[in-house]
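Remember, predicted model here, so these are calculated numbers, not experimental data.
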2 protein chains.
Amino acid sequence: MPVTIRDVARAAGVSITTVSRAFNGYDDVGPDTRKRILKVAKELNYRPSHVARSLVLQQTQNVGLLISDFNANRGAHHFLFDVMAGVHDRLASLGYDVTLVSTTTARQRLVSYIDFCTERRLEGVIVMGMRLDDPYMQEVAEAKLPSVGIDLPILSRYCGYVMTDNVNGAKLGMQHLLSKGHRRIGFVNGHQKAAVSVDRMRGYQLALETAGIDSDPDLIVHSNFLVEGGEAATELLLSRAPDITAIFYASDLMALGGMRYLHRVGKRIPEDVAVVGYDNVDVAEWSTPALTTVSQRRFEMGVYAADMLIGMLQRDEEPGGRLLPSELVVRQST
Amino acid sequence: MPVTIRDVARAAGVSITTVSRAFNGYDDVGPDTRKRILKVAKELNYRPSHVARSLVLQQTQNVGLLISDFNANRGAHHFLFDVMAGVHDRLASLGYDVTLVSTTTARQRLVSYIDFCTERRLEGVIVMGMRLDDPYMQEVAEAKLPSVGIDLPILSRYCGYVMTDNVNGAKLGMQHLLSKGHRRIGFVNGHQKAAVSVDRMRGYQLALETAGIDSDPDLIVHSNFLVEGGEAATELLLSRAPDITAIFYASDLMALGGMRYLHRVGKRIPEDVAVVGYDNVDVAEWSTPALTTVSQRRFEMGVYAADMLIGMLQRDEEPGGRLLPSELVVRQST
DNA sequence: TTGACAATCCAAAACGTTTTCGGTAGTTTA
DNA sequence: TAAACTACCGAAAACGTTTTGGATTGTCAA
């Protein structure tokens with residue numbers, strides 16, 4: 001049904017070899033024949049088949065964008081969307097196609113992640129939203145498929161990663177609170193199986209340490225990065241340590257949930273309790289009071305991840321771990 | 001480099017024909033040979049090439065997910081992400097691959113949307129985030145490529161769409177305000193080139209009409225669906241008609257911006273001005289006061305769009321226009 | 001006049017599958 | 001015992017490209 005290179009060749013009165021060469025800009029085709037071929041091709045509405053070309057060239061120009069359990073991670077769109085945009089933007093501008101892959105789907109179809117990718121001859125993968133205990137973590141690390149994790153510190157011959165400098169980010173947030181005179185600071189972290197959580201925990205501890213304050217386990221609670229989780233965590237935190245004057249949250253959404261709870265129990269922000277979030281998502285700016293937070297450059301994370309992958313693919317570069325700087329954004333909640 | 005069907009055939013001592021049949025579950029291959037082939041294939045780590053198969057079968061099992069200017073539309077993630085999840089979820093579970101496509105990228109690469117799709121032999125496309133005056137609108141409508149628009153009323157032999165019943169949705173929001181006794185109701189609509197805007201405008205007018213209220217052009221202003229736009233629009237609205245007691249926004253984000261402005265100028269919500277949004281995004285629930293809004297079932301929109309496309313692809317069904325019901329979610333802003 | 005050398009072009013193989021059309025045994029039926 | 005049938009398997013063509021290794025001109029220098 002679709003018009004092939006053979007149709008063009010026939011219509012232009014040349015061989016398919018010549019059509020191919022005309023299209024790919026080789027110089028051993030006469031200027032008039034070239035013009036004729038191009039004209040005929042346009043008339044016939046010829047589009048070279050990407051799949052035939054992939055087959056003979058043995059490369060698809062196609063990379064996967066793997067989002068762990070896309071469906072269940074919908075609440076994370078505040079973070080994920082921009083990263084996706086960054087990844088796609090860079091990859092597309094370099095001529096790569098991006099196919100969406102989700103692990104759950106793969107699981108449903110009883111195909112492992114690596115099977116999925118090699119079957120479609122994906123040349124590389126960018127992985128996001130994954131937990132450290134996810135079974136696919138190991139698959140990614142062991143596969144010989146070039147891949148780069150976002151917020152996933154996997155490092156091997158074929159795996160690199162990009163993430164924000166979370167320990168410094170957490171330190172920034174904490175130092176800000178410490179500089180405001182707070183001494184009893186609660187910490188609502190993300191779930192323990194998120195790579196960022198362990199780093200942010202370290203930043204929290206480090207900041208306390210250098211301020212000469214002993215860490216109190218009662219002041220630390222783990223949650224799920226989402227609003228409801230932050231709400232519940234804050235309630236728990238306040239029941240355990242009613243004397244805290246500030247809370248540091250590992251995500252803006254949890255901070256929002258926390259502020260909602262604080263508001264409900266009549267605490268004023270920042271007078272009674274100061275609040276710092278993490279991510280600097282758009283919502284942080286809209287809340288009342290506007291949320292002080294540690295920013296992550298999400299779009300850039302995607303771009304850099306794409307760049308690292310391209311480096312591996314096109315220039316055979318060794319992957320590495322790239323840490324983006326964090327920045328403190330001070331607003332009214334502190 | 002990758003192991004092919006020929007390698008498996010050689011290792012198993014059979015022809016490639018037999019390997020192919022064994023893999024595709026044909027019944028004319030002996031039970032013992034089949035077992036042997038499968039064992040050998042597993043040992044060699046054989047994965048059939050999706051691209052070779054696509055070439056011979058003349059179908060790719062691949063559909064495009066076209067997001068108009070992905071990059072610039074990042075602010076719309078509150079709406080888009082869930083739809084994407086719905087689309088991907090359904091499509092993936094039916095064995096289709098999903099390729100991300102963005103028109104800007106295409107434009108950069110000087111390849112038209114339709115070229116992009118036919119080159120990759122995409123079997124269909126789901127289109128979202130597009131404006132009515134977008135040049136690609138016509139391309140989509142004229143192309144013989146099965147496609148379904150989300151919030152885009154394009155209808156042809158190959159084009160269907162799914163959108164929320166926006167005129168009824170707007171009517172619901174307005175009727176709610178009218179039932180609370182409001183008579184001077186401002187309307188902050190989205191930009192005029194969005195399909196949903198014209199429907200919501202109609203719903204607004206209809207509601208006024210049946211309530212016997214004349215529509216006042218001073219009470220209507222167009223904006224861009226985003227927070228800052230809503231803020232500016234509200235300022236304009238109040239300057240033109242200081243006597244309004246309620247505002248209906250065509251998106252939750254604009255409503256949020258509006259509430260921010262109202263708060264700043266000392267108006268109480270809902271006592272001085274009642275506010276209704278549109279979309280029921282997660283943020284609507286978190287704001288203070290929580291936002292009354294008209295809900296859209298975003299995930300389902302994606303699922304239904306996928307279903308419609310599959311219907312065309314697999315059962316040659318005629319596309320149509322599917323309208324999802326809207327629902328009013330009453331919270332504290334009214 | 002002839003050999004070399006551009007300038008153009010083409011036939012055929014290759015990429016990794018699926019599928020059509022047979023072919024060869026062995027087994028049953030008449 | 002021959003014919004028909006079953007069960008299993010393979011050779012080869014096809015899908016739409018790219019690329020290798022010439023082939024055919026014509027031109028120019030010797």
Asks: Please determine whether a side-chain nitrogen of the Lys or Arg among B:D82 and A:R74 lies less than 4.0 Å from a carboxylate oxygen of the Asp or Glu.
Replies: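 Yes.
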
Asks: I need the full list of salt bridge (Lys or Arg N to Asp or Glu O under 4.0 Å) pairs touching residues 155-164 of chain A, with sequence neighbours left out, sorted by first then second residue.
Replies: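 For residues 155-164 of chain A, and leaving out neighbouring residues, the salt bridge (Lys or Arg N to Asp or Glu O under 4.0 Å) pairs sorted by first residue read A:R157-A:D316, A:R157-A:E318.
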
Asks: When all nucleic acid strands are considered with a 4.0 Å heavy-atom cut-off, which category describes B:P48: base, sugar-phosphate, or nothing?
Replies: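 Here B:P48 touches the backbone only, sparing every base.
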
Asks: With axes from five pairs an end, tell me the bend angle of the helix from C:dA4-D:dT27 to C:dA30-D:dT1, nearest 10°.
Replies: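 Comparing the axis at each end, I get an angle of 70°.
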
Asks: Would you kindly give the CD1-to-P distance between B:I5 and D:dA11, to the nearest whole Å?
Replies: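 The distance from CD1 of B:I5 to P of D:dA11 comes to 14 Å, rounded to the nearest Å.
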
Asks: So, B:F79 versus A:F81, ring centres under 6.0 angstrom or not?
Replies: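 Distance test on ring centres: not under 6.0 Å, no.
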
Asks: Under the rule for ring-ring contact (aromatic ring centres under 6.0 Å, His included), what residues qualify as partners of B:F225, not counting sequence neighbours?
Replies: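 With neighbours one apart ignored, the set is B:H191.
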
Asks: Would you kindly give the CD-to-C1' distance between B:E119 and D:dT17, to the nearest whole Å?
Replies: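 Computing the B:E119:CD to D:dT17:C1' distance gives 13 Å.
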
Asks: Could you state the atom-to-atom distance from CZ of A:R120 to P of C:dG16 in whole Å?
Replies: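 Interatomic distance, CZ of A:R120 to P of C:dG16: 18 Å.
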
Asks: Not counting sequence neighbours, list each pair that qualifies as a salt bridge (Lys or Arg N to Asp or Glu O under 4.0 Å) and has a residue in residues 47-67 of chain B.
Replies: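 Checked against salt bridge (Lys or Arg N to Asp or Glu O under 4.0 Å) - neighbours excluded - the pairs reaching residues 47-67 of chain B are A:D115-B:R47.
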
Asks: Can a side chain N or O of B:T18 be found less than 4.0 Å away from OP1 or OP2 on D:dG10?
Replies: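 Looking at the OP1 and OP2 atoms of D:dG10, one of them is under 4.0 Å from a side-chain N or O of B:T18.
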
Asks: Starting from C1' on D:dC9, measure out to CG on B:D27 and report it in whole angstrom.
Replies: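 Value for this atom pair: 13 Å.
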
Asks: B:R6 has an atom CZ; how far is it from atom P of C:dT18, in whole Å?
Replies: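 One finds 12 Å between P of C:dT18 and CZ of B:R6, rounded.
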
Asks: Answer yes if the side chains of A:N71 and A:S102 hold a donor-acceptor pair under 3.5 Å, and no otherwise.
Replies: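 Not at all, the side chains of A:N71 and A:S102 share no donor-acceptor pair under 3.5 Å.
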
Asks: Over how many whole Å does the gap from B:Y46 atom OH to C:dG16 atom C1' extend?
Replies: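 It is 7 Å, rounded to the nearest whole Å.
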
Asks: Tell me which residues in residues 31-40 of chain A put a heavy atom below 4.0 Å from DNA chain C, sorted by number, or none.
Replies: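 Correct list: A:P31, A:T33.
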
Asks: Would you tabulate the nitrogen or oxygen pairs shorter than 3.5 Å linking the protein to nucleotides 19-25 of chain C?
Replies:
| residue | atom | partner | partner atom | Å |
| --- | --- | --- | --- | --- |
| C:dT19 | OP2 | B:Y26 | OH | 2.9 |
| C:dT19 | O4 | B:T17 | OG1 | 3.4 |

Asks: Rounded to whole Å, please give me the gap between CG in A:L55 and C1' in D:dT18.
Replies: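 Distance check: A:L55 CG to D:dT18 C1' gives 10 Å.
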
Asks: Look at the aromatic rings of A:Y113 and A:Y136 and report parallel, tilted or perpendicular, splitting at 30° and 60°.
Replies: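 Ring orientation, 0 to 90° scale: perpendicular.
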
Asks: Using atom NE2 of A:H50 as one end and atom P of D:dT18 as the other, report the distance to the nearest whole Å.
Replies: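 Roughly 11 Å, once rounded to whole Å.
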
Asks: Under 4.0 Å between a side-chain N/O of A:T4 and OP1 or OP2 of D:dG16, yes or no?
Replies: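 Checking D:dG16 against A:T4, no side-chain N or O comes under 4.0 Å of OP1 or OP2.
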
Asks: Ignoring hydrogens and angles, state whether a donor on the side chain of B:S20 or B:T17 is under 3.5 Å from an acceptor on the partner side chain.
Replies: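 B:S20 vs B:T17: no donor-acceptor pair found between side chains.
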
Asks: Using only side-chain N and O atoms of B:Q58, determine if any of them is under 4.0 Å from OP1 or OP2 of D:dA14.
Replies: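 B:Q58 to D:dA14 OP1/OP2: no side-chain N or O under 4.0 Å.
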
Asks: If we count only N and O atoms by modelled type, under 3.5 Å, do the side chains of B:S68 and B:N73 hold a donor and an acceptor together?
Replies: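 No pair is found: no donor N or O on one side chain lies under 3.5 Å from an acceptor on the other.
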
Asks: So what does A:V51 hit on the nucleic acid, given a heavy-atom distance under 4.0 Å: a base, only sugar-phosphate, or nothing?
Replies: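 Counting heavy atoms under 4.0 Å across all strands, no contact is made by A:V51.
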
Asks: Between B:T99 and A:D97, is any side-chain donor less than 3.5 angstrom from a side-chain acceptor?
Replies: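 Absent: no donor and acceptor within the cut-off.
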
Asks: Kindly say whether B:R121 contributes a backbone atom to a donor-acceptor pair with the side chain of B:T60 at under 3.5 angstrom?
Replies: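 The answer is yes, because a donor-acceptor pair under 3.5 Å joins these two groups.
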
Asks: Does A:D7 come within less than 4.0 Å of A:R10, counting only side-chain N to carboxylate O?
Replies: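 Looking at A:R10 together with A:D7, the answer is yes, because their closest N to O distance falls below 4.0 Å.
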
